[in-house]
Amino acid sequence: MNAPTSRRILVTSALPYANGQIHLGHLVEYIQTDIFVRFQKLRGHDAVYLCADDTHGTAIMIRARAEERSERDLIAAMREDHLKDFAGFDIEFDHYGSTDSDANRRLCGEIWRSLRDKGLVVSRDVKQLFDPKAGVFLADRFVRGTCPRCKAADQYGDACEKCGATYSPADLVDPVSTLSGATPEIRSAEHLFVQLEPMQGFLREWTKNSGALDPRIANYLAGHFLGEPLRDWDISRPAPYFGFEIPDAPGHYWYVWFDAPIGYVAATDEWATARGGSWKEWWHRGAGEPAAEIHHFIGKDITYFHTLFWPAMLEAAGLALPTKVRIHGFLTVNGEKMSKSRGTFLLARTYLDHLDPACLRYYYAAKLSGNIDDIDLNLEDFAAKVNSDLVGKVVNLASRTARWLEGAGLSETYPNDGGLFAQGAVDGAEIAAAYDECDFARAMRLVMAAADRANAYVDAEQPWKLAKAGPESAERLRDVATVALNLFRQIVVYLAPVLPELATETGALVGGPIRSWEESRHPLTGVAVAPFKPLARRVEAAQLEALVAASKPATPPSAPSSPSSPSNPSSSGNASVTTDPAEPLAAEPLAPQCTIDDFTKIDLRVARILAAEEVPEAKKLLKLTVSLGGEERRTVFAGIKGFHDPAALVGRLVVVVANLAPRQMKFGLSEGMVVAASGAGATGVYLLSPDSGALPGMRLH
RNA sequence: GGCAGCGUAGCUCAGUUGGUUAGAGCACCGGCUUCAUAAGCCGGGUGUCGCCGGUUCAAGUCCGGCCGCUGCUACCA
């Protein structure tokens, strides 16, 4: 029963680059980190979540130029966007800084001096392509040209996508700068390098034995970098460059990857200073009691920086090393890389326009198991999982029992529940262990198992019958509902790191704010229960469709419908045009715009009804057999019973969706769908018929 | 091209150091229920564990090859 020993835990997420908006891929990391930190805080630990915008580098400089604004103006605007998006997803940083801060400049200087003092900095000339028109050195991806090996046109500066050759940008035939179109010239410039080879022994030991890395990662590093001499790390860029000028090397700037991780320390500095402390309490070895843990959450793409460069820098500077580098995979949507053209490049903002952030937080939690596999956001699965778990199992528990307690409140003593609450409390240890290892998927499975038990309890006790049985059952009813609501609140405590909003609302329903994991150990008794308000809403397919539609690239400017256009009679005021009632359209607004590609996915065919029979048990269905021409027959269940006489349908031509996935219905397999018009408020269902002459099997274009 | 990860039920995923008959949730099928936001409960596994070969008394698990998917590729893999 004693509270867990308090730990001091500093947690970071990778710094988002100030050159783009937050998307759902980013959020895999920020949501994951936020859950971890909220969990640690709920457990009573001294945890702090720090992050910052990563603001420097060529890309920012070039974009600022293109937009004819200053870099600082650009990064200030991006920062605001980022903060808004994070807040929208309930991601709660203790401090959110910027790499373009005074604190960061100062700390970069301090760590730089340590590297200099250790003799790790060397200077060397580097030949690089230079864009004379834009006046900047060009990273490989800003140069395109013809592959020197296979002569494929329009290849990047470092490798050919066609033949796979790798080369130096200087080898490209007819190189062109993608910035200005100018022909780049080769220029030589001095760069500063940090020697890593002297750190090889340290890195080999740290990656393998510190416990900071998953053995798979340690193994990967051992086999690919630590087996051979480590190359020097090019750490400076010549002017012009948006970043910090190196104090003892005028005209040279720290490369963005030097100042970015130091941003973690700078954020600590700003946060600690504001509350009267110092960053040294967290980053100095042996400072503070107990020793602080440092956890970095990162994506697998930046493994190299966080497991070799960064620890080497910290080691050289004599600072504390990461306790854990927690590496996660990337996000795919519907099994594929996010794609703008498919509408699966989902921005945080767009998601928030259509859906509840809690749904994504839960879905990610249910899929994150702490390893480096990519995770897939399957939109159908997303809706099914959220609806089934959150709405059907968890929230429904309160929804189906809270109302019986509105007047009386919870029972004065906790009733016999067959050990359910006690079992839930015991499970808490296992759930906590899963959270602590970032195996949130396992935590969610355990929580849902608890919810299943609770629902089974309610079902067995049949409180609805007690409610009807009259006053002599009132106490029993109160007891059953008391158990159910306590089991619900226990589950919500376990879900609080993932679903802070649900935790807040549950606190308002019964028992007050949830502040500690310990609240899962003791049932509430004798307290009031507020009127029940819906705690979560189902995800509807239409919301997902709208999200995808809104994520497609801006459609070519739909010809602004000019009111005077003669082809647009409804707005021409022409008296000869009859005005139809507006209700049908108003009742069911237009679906989001789709492309011709979307449309052609749906194969509409003319079909002839060969047979139509009643399905006696069905309220709405008729069983139709239709011909698509030749021998192609389909069985289709159509929801038109009561509007059409089966006998009158036989022989008639209709339109069917011919490539619709078969659907198992209660009365048999339906192999298509007959198209019909209907609408809110309308009473009938109106089948479509082609003009005479159409033949079964013809496609609608 | 190089490197890494993955490939288990219709879908999303668990499967610990190789060890009975390969699991969960969802979906689906059958039954029950009607308090609840079309929610809930009971029952049913629907599978060539990507393919081929090897090690072993025993392989989803270890080894080799192949295929497929995904990601990364720091001025240098």
Asks: Salt bridge between R403(A) and E406(A), side-chain N to carboxylate O under 4.0 Å?
Replies: no
Asks: Return a single string for nucleotides 33-46 of chain B, one symbol per nucleotide in 5' to 3' order, where B is base contact, S is sugar-phosphate-only contact and - is none, cutoff 4.0 angstrom on heavy atoms.
Replies: SSBBB-SBS-----
Asks: Is there a Watson-Crick or G-U wobble partner for rA9(B) with both distances under 3.5 Å, and which nucleotide is it?
Replies: none
Asks: Would one find a side-chain N or O of R442(A) under 4.0 angstrom from OP1 or OP2 of rA24(B)?
Replies: no
Asks: Using purine N1 to pyrimidine N3 plus N6-O4 or O6-N4 for Watson-Crick, or N1-O2 and O6-N3 for G-U wobble, both under 3.5 Å, which nucleotide pairs with rA39(B)?
Replies: none
Asks: Any chance the side chains of E197(A) and Q200(A) put a donor and an acceptor closer than 3.5 Å?
Replies: yes
Asks: Would one find more than 12 heavy atoms of other residues, nucleotides or ligands at under 6.0 Å from atom CD of E185(A)?
Replies: yes
Asks: Does D232(A) reach a base, just sugar-phosphate, or nothing at all? Heavy atoms under 4.0 Å.
Replies: base
Asks: In whole Å, I'd like the distance from the CG atom of L331(A) to the C1' atom of rG5(B).
Replies: 16 Å
Asks: Measure from CG on L213(A) to P on rA4(B) and round the result to the nearest Å.
Replies: 17 Å
Asks: For the pair D381(A) and K385(A), evaluate salt bridge (Lys or Arg N to Asp or Glu O under 4.0 Å) and give the outcome as yes or no after the intermediate values.
Replies: CA-CA 6 Å; D381(A) 183 56; K385(A) 189 136 196 91; over 6 Å; no
Asks: Considering Watson-Crick and G-U wobble pairs with both distances under 3.5 Å, what does rU73(B) pair with?
Replies: rG1(B)
Asks: With both distances under 3.5 Å as the test, what is the Watson-Crick or G-U wobble partner of rU34(B)?
Replies: none
Asks: Check whether the ring centres of W233(A) and F309(A) lie less than 6.0 Å apart, and answer yes or no.
Replies: yes
Asks: Choosing from rA14(B), rC72(B), rC75(B), which nucleotide comes nearest the side chain of F193(A)?
Replies: rC75(B)
Asks: Starting at the 5' end of RNA chain B and moving along, which residue's nearest nucleotide shows up first, T332(A) or K367(A)?
Replies: K367(A)
Asks: Rounded off to whole Å, could you give me the CG-to-P distance for the D301(A) and rA4(B) pair?
Replies: 17 Å
Asks: Taking atom P of rG25(B) as reference, at what distance in whole Å does atom CZ of F440(A) sit?
Replies: 23 Å
Asks: Nearest of rA14(B), rU12(B), rG71(B) to any side-chain atom of K300(A)?
Replies: rG71(B)
Asks: Which base sits across from rA27(B) as a Watson-Crick or G-U pair, both distances under 3.5 Å?
Replies: rU46(B)
Asks: Once you apply the 3.5 Å cut-off to both distances, tell me the Watson-Crick or G-U wobble partner of rG64(B), or none.
Replies: rC52(B)
Asks: Between atom CD in E380(A) and atom P in rC28(B), what is the gap in whole Å?
Replies: 12 Å
Asks: In whole angstrom, give the distance that lies between atom CG of D376(A) and atom C1' of rC69(B).
Replies: 11 Å
Asks: Before you tell me yes or no, could you show the steps for D376(A) and K367(A) under salt bridge (Lys or Arg N to Asp or Glu O under 4.0 Å), namely the whole-Å CA-CA distance, both residues' side-chain angles and the distance that decides it to 0.1 Å?
Replies: CA-CA 8 Å; D376(A) 184 42; K367(A) 305 204 76 159; 5.3 Å; no
Asks: Does a side-chain N-to-carboxylate-O contact under 4.0 Å join R453(A) and D417(A)?
Replies: no
